[in-house]
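Just so you know, residue 1 is the first one in the sequence shown, and it goes up from there.
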Amino acid sequence: KGYSSFGCFFEVNNEIDVLVHLQEISYSRVNHPDEVFNIGEKHDLKVISVDKEKLQVGCSVKQLSPDPFEHIENYELNKIYKVKVVKIMDFGAFCELEPGLTTLLHSSELSWTKKNISAKKMFKVGDEIDCVITEIDKDKLQVGCSVKQLSPDPFEHIENYQLNKIYKVKVVKLMDFGAFCELEPGLTTLLHSSEISWSKKNVSVKKLFKVGDEINCVITE
């Protein structure tokens with residue numbers, strides 16, 4: 001029915017409002033109820049407290065199932081697991097390792113090279129994806145995972161490339177200010193419009209190239 005910084009309110013049988021405290025939403029850490037619930041959804045709840053004087057009823061979602069952190073040792077760091085996307089946020093995606101045990105796939109763990117990448121553009125709720133577990137914190141009830149670590153960091157062997165040397169690159173994206181080109185899968189380079197011609201100003205890369213073109217470039221930085 002509604003959110004609060006300390007929990008989520010539900011209406012039962014169209015007659016009474018109950019509170020699921022933030023700590024009773026999930027065994028995993030939850031910072032705000034909107035990470036788990038959407039307004040209007042129906043959920044099973046377990047009554048855990050009744051205060052007739054204050055007219056308050058407390059409920060729990062997590063207590064409907066056993067604590068998955070009791071066997072968190074079944075999961076290993078740096079190992080690949082298949083997870084299910086259950087909620088997508090501006091900062092990343094929450095994925096389910098098993099019922100009641102979620103892991104955060106932060107947007108910074110989506111790509112080695114792409115900045116400000118959006119999980120909303122990559123996934124949808126219900127998708128099953130492979131992830132590498134990067135963090136297990138029993139005290140904070142946190143599990144972190146990564147997609148980018150499924151492949152090696154292309155910058156680990158950046159020394160294979162040399163300044164002022166010519167390389168053949170593939171145009172992968174055209175922008176008003178230049179073109180993004182691929183040196184190798186996962187490693188892109190920016191060809192700024194100011195680096196196209198010595199004499200012509202305001203050169204448009206969109207008029208010169210198209211996505212998929214292979215061109216020669218000199219690495220400058």
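- Between I196 and F209, the closest side-chain pair of non-hydrogen atoms falls below 4.5 Å.
- Atom CG of D44 is surrounded by 12 or fewer heavy atoms from other residues, nucleotides or ligands within 6.0 Å.
- Using a 4.5 Å cut-off on side-chain heavy atoms (C-beta onward), N164 and I219 make no contact.
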Exercise for review: Kindly determine whether H43 and E41 satisfy side-chain hydrogen bond (donor to acceptor under 3.5 Å, both in side chains), including the steps that lead there.
Suggested key: CA-CA 7 Å; H43 289 272; E41 287 181 346; 2.9 Å; yes
Point to revise | F37/F10 under ring-ring contact (aromatic ring centres under 6.0 Å, His included): CA gap, chis, key distance, verdict | key: CA-CA 11 Å; F37 303 122; F10 287 83; 5.3 Å; yes
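- N13 places no side-chain N or O within 3.5 Å of a backbone atom of E15 that could act as its donor or acceptor partner.
- Across all non-hydrogen atoms, the minimal contact from I80 to V132 is CG1-CG2, 3.8 Å.
- When atom types are taken as modelled, the side chain of K62 and the backbone of Q23 share a donor-acceptor pair closer than 3.5 angstrom.
- L45 is listed as a side-chain neighbour of V61, based on a closest heavy-atom distance under 4.5 Å.
- Between the side chain of Y75 and the backbone N or O of Y81 there is no donor-acceptor pair closer than 3.5 Å.
- Between I39 and Y3 the shortest heavy-atom distance is N-OH, 3.5 Å.
- Annotation: K168, atom NZ; neighbour count of heavy atoms from other residues, nucleotides and ligands within 6.0 Å is above 12.
- The backbone N or O of E70 lies less than 3.5 Å from no partner atom in the side chain of Y27, so there is not a single donor-acceptor pair.
- Judged purely by atom type and a 3.5 angstrom limit, D51 uses its side chain to pair as donor or acceptor with the backbone of K54.
- Pairing each heavy atom of V85 with each of C95, the nearest pair is CG2-SG, 4.1 Å.
- Looking only at side-chain heavy atoms (C-beta outward), I133 and L97 come within less than 4.5 Å of each other.
- Residue K1 forms a side-chain contact (heavy atoms from CB on, under 4.5 Å) with just one option from D17, V18, V12, and that option is D17.
- Side-chain atoms of S107 do not come within 3.5 Å of backbone N or O of S118 as any donor-acceptor pair.
- Side-chain contact between E96 and L101 is absent, with no heavy atoms from C-beta onward closer than 4.5 Å.
- Inter-residue side-chain proximity for W112 and S151 is flagged as met; some heavy-atom pair is nearer than 4.5 Å.
- In terms of heavy atoms, K87 sits closest to E35 at CG-O, 3.1 Å.
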**Study point:** Y161/E184 under side-chain hydrogen bond (donor to acceptor under 3.5 Å, both in side chains): CA gap, chis, key distance, verdict
**Key:** CA-CA 11 Å; Y161 298 94; E184 61 179 84; 2.6 Å; yes
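- Looking at E11 and I16, their side chains never come closer than 4.5 Å, going by heavy atoms from C-beta outward.
- Between the T134 side chain and the G144 main chain, a donor and an acceptor come within less than 3.5 Å of each other.
- In terms of heavy-atom proximity, S60 sits nearest to E24 at OG-OE1, 2.6 Å.
- Two residues are said to be in side-chain contact when any heavy atoms from C-beta on lie closer than 4.5 Å; L191 and C217 meet this criterion.
- For T103 (side chain) and V143 (main-chain N/O), a donor-acceptor pair under 3.5 Å exists by modelled atom type.
- More than 12 heavy-atom neighbours from other residues, nucleotides or ligands sit within 6.0 angstrom of CG on N216.
- Within 6.0 Å of the CG atom in L77, the count of heavy atoms belonging to other residues, nucleotides or ligands exceeds 12.
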